[in-house]
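Here the structure is laid out as structure tokens; the discussion comes afterwards.
Counting convention: from 1, in listed order, for ligands and their atoms alike.
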Amino acid sequence: MLVGVLALQGAFREHQRALDKCGAETRQVRKPGELSGLDALVIPGGESTTMGKLMREFGLLEPIKGIAAEGMPIFGTCAGLIMLAKQIRNSQQTNLGLMDMEVERNAFGRQVDSFEADLSIAELGSQPIRAIFIRAPYITRVDNGVDVLATYGDKIVCARQGRFLVAAFHPELTEDVRLHRYFMENVAG
Ligand code: GLN
């Protein structure tokens with residue numbers, strides 16, 4: 001399986017490492033041509049306003065929407081989650097707008113820049129997953145067709161809609177690769 005990792009900014013190398021551990025081949029994506037032949041795409045964390053601008057400048061916005069419409073599996077983490085949401089609270093920033101949900105950026109509050117928590121995700125088995133949140137968003141509303149995979153308190157932090165998977169945290173920053181494997185085997189497989 002060849003998985004592209006959007007490499008405009010952010011934690012793309014860490015995603016490549018996790019995917020590599022799961023047995024995938026990876027390719028950094030910066031140009032539209034690098035989307036061809038992919039079996040799946042990962043959109044990493046970073047800064048979503050910057051990422052949206054760069055996607056437009058690099059001519060990637062419409063091509064990614066195009067392959068998504070043709071069924072490309074996409075996994076977005078943190079800023080990547082923001083890129084996939086159809087609605088972003090209080091923001092008109094450029095994004096892909098693929099999943100039927102609303103998100104709020106930096107939603108855990110400014111004083112809580114980052115934190116870690118154990119989340120249970122039934123799809124990954126009974127062992128909880130250690131989640132690292134960094135200036136994280138969360139999902140404020142999901143519409144029909146979006147399945148909630150994990151919550152932190154009452155906040156939705158992991159969800160799936162068909163071939164799209166999103167996490168508000170950074171699964172690429174821990175050694176636990178179960179969410180990447182779930183993406184490869186269940187979402188894209
Ligand atoms: N706060 C960032 C944003 O709004 C996301 C943070 C991250 O990806 N770690 O884009």
Would you mind running through ligand 1 and noting each atom that sits below 4.0 Å from a heavy atom of Gly45? 8 (O)
What are the atoms of ligand 1, with element, lying closer than 4.0 Å to any heavy atom of Glu47? 3 (C), 10 (O)
Indicate yes or no: at least one non-hydrogen side-chain atom of Gln93 is less than 4.5 angstrom from one of Lys53. no
Phe75 reachable from Val157 in the ILVMFWY side-chain graph, under 4.5 Å edges: yes
Atom 10 (O) of ligand 1 sits nearest the protein heavy atom Ser48 N, 2.6 Å
Is there a salt bridge (charged side-chain N to carboxylate O under 4.0 Å, His left out) between Arg89 and Glu102 once you walk through the steps? CA-CA 7 Å; Arg89 218 180 242 192; Glu102 181 196 67; 3.2 Å; yes
Ile82 N/O to ligand 1 N/O under 3.5 Å: no
Looking only at atom types and distance, does a side-chain atom of Asn95 sit under 3.5 Å from a main-chain N or O of Ile82, one as donor and one as acceptor? yes
Should Met51 be listed as contacting ligand 1, given a heavy-atom distance under 4.0 Å as the test? no
Select the closest option to atom 2 (C) of ligand 1 among Cys78, Gly80, Gly46, Ala168, judged by heavy-atom distance. Gly46
Run the numbers for me: atoms of ligand 1, each under 4.0 Å from some heavy atom of Arg105, listed by number. 3 (C), 4 (O), 10 (O)
If you group Ile, Leu, Val, Met, Phe, Trp and Tyr by side-chain heavy-atom gaps below 4.5 Å, do Leu41 and Leu179 land in one group? no
Atom 1 (N) of ligand 1: closest protein heavy atom, distance to 0.1 Å, is Asn106 OD1, 2.6 Å
What class does the angle between the rings of Tyr152 and Phe115 fall in, given that below 30° is parallel, 30 to 60° is tilted and above 60° is perpendicular? tilted
Give the numbers and elements of all ligand 1 atoms closer than 4.0 Å to a heavy atom of His170. 7 (C), 9 (N)
Short side-chain to backbone donor-acceptor contact, Glu34 and Arg27, under 3.5 Å: no
Heteroatom proximity flag, Thr77 to ligand 1, N/O under 3.5 Å: no
Could you verify whether a donor N or O on one side chain and an acceptor N or O on the other, from Gln16 and Gln28, lie under 3.5 Å apart? yes
Take every heavy atom of Pro137, measure it against each atom of ligand 1, and state whether any distance is under 4.0 Å. no
